[in-house]
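A quick write-up on the structure given underneath.
Computation of the quantities below employed the complete heavy-atom set of this structure, encompassing side-chain atoms and omitting hydrogens, waters and symmetry-equivalent molecules. Atoms within each ligand, like the ligands themselves, are counted from 1 in listed order.
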Amino acid sequence: MTGTPGAAATRDGEAERSPPCSPSFDLTGKVMLLGDSGVGKTCFLIRFKDGAFLSGAFIATVGIDFRNKVVTVDGMRVKLQIWDTAGQERFRSVTHAYYRDAQALLLLYDITSKSSFDSIRAWLTEIHEYAQRDVVIMLLGNKADMSSERVIRSEDGETLAREYGVPFLETSAKTGMNVELAFLAIAK
Ligand SMILES: Nc1nc2c(ncn2[C@@H]2O[C@H](COP(=O)(O)OP(=O)(O)OP(=O)(O)O)[C@@H](O)[C@H]2O)c(=O)[nH]1
């Protein structure tokens, strides 16, 4: 993560100034949420940022959006700037432009959707094409609360993650399971 405390862009693009002698964070880092449309990226971010779950109608993200959250890791305050990308194919050219600046990527699939799991290899190919070579990647099997509709076993997620040498967790934006853990793991 980069050490640039002080002024920072807020979600609305306004300057967020901190007193020069006591910055509100020690480090900053850019994280991107990636994965097919509907896997739960926006809900995952809202759960982490606000501790809430957006149930009801699914509103697909248009283009890209971001939110900031400061977390404490090993006594250091890390400001995470988290970019929520649109999973829909038609927005890919927009989101590609943001890969380069990301230090960490959370790549999500939905454990109730085989197609979202099958897309992971294509996502990893895109990541290798557009992201920094040393980017931190984590694979997440989201919607783990939907056990009766599960079609992807935990072992399948683990095997795929091992093949690509990335860490893996199952998560739920609905219950909050492992959401904070995933962000803290990549913030380290
Ligand atoms: N049960 C359950 N539903 C979830 C979970 N996460 C998301 N959902 C639901 O899945 C749908 C899609 O969630 P979004 O967060 O909008 O999906 P997205 O990946 O951001 O989609 P795009 O913006 O199109 O890329 C919504 O109806 C959510 O309520 C979860 O962990 N559990």
Selection residues 34-44 - residue pairs positive for side-chain hydrogen bond (donor to acceptor under 3.5 Å, both in side chains), sequence neighbours left out: Asp36-Ser119, Asp36-Trp123, Thr42-Thr61, Thr42-Asp84
Does any N/O atom on Phe58 come nearer than 3.5 Å to any N/O atom on ligand 1? no
Is Gly87 close to ligand 1, meaning an N/O of one under 3.5 Å from an N/O of the other? yes
Quick one: which of Ser172, Ser37, Gly40 has a heavy atom closest to atom 17 (O) of ligand 1? Gly40
Would Lys69 pass as a cation-pi partner of Phe48, given that its NZ or CZ must be under 6.0 Å from the six-membered ring centre and within 45 degrees of the axis? yes
Considering only heavy atoms of Ala86, which atoms of ligand 1 have at least one such atom less than 4.0 Å away? 25 (O)
Verify the ring-centre separation between Phe53 and Phe44: is it less than 6.0 angstrom? no
Go through ligand 1 atom by atom and flag the ones less than 4.0 Å from a non-hydrogen atom of Ala173. 6 (N), 30 (C), 31 (O)
Going by heavy atoms, is Ala144 under 4.0 Å from ligand 1? no
Using modelled atom types only, decide if a donor and an acceptor are shared between the side chain of Asn142 and the backbone of Ala173 within a distance under 3.5 Å. yes
Give a yes/no verdict on whether any heavy atom in Leu108 is under 4.0 Å from an atom of ligand 1. no
So is there a nitrogen or oxygen of Thr61 less than 3.5 Å from a nitrogen or oxygen in ligand 1? yes
Looking at ligand 1, would Phe53 count as a contact under a 4.0 Å heavy-atom criterion? yes
Atom 11 (C) of ligand 1: of Glu170, Met177, Lys174, Lys143, the nearest heavy atom sits on Lys143
With respect to Lys41, determine whether any N or O atom, backbone or side chain, lies less than 3.5 Å from an N or O atom of ligand 1. yes
Can an N or O of Leu54 be found at a distance shorter than 3.5 Å from an N or O of ligand 1? yes
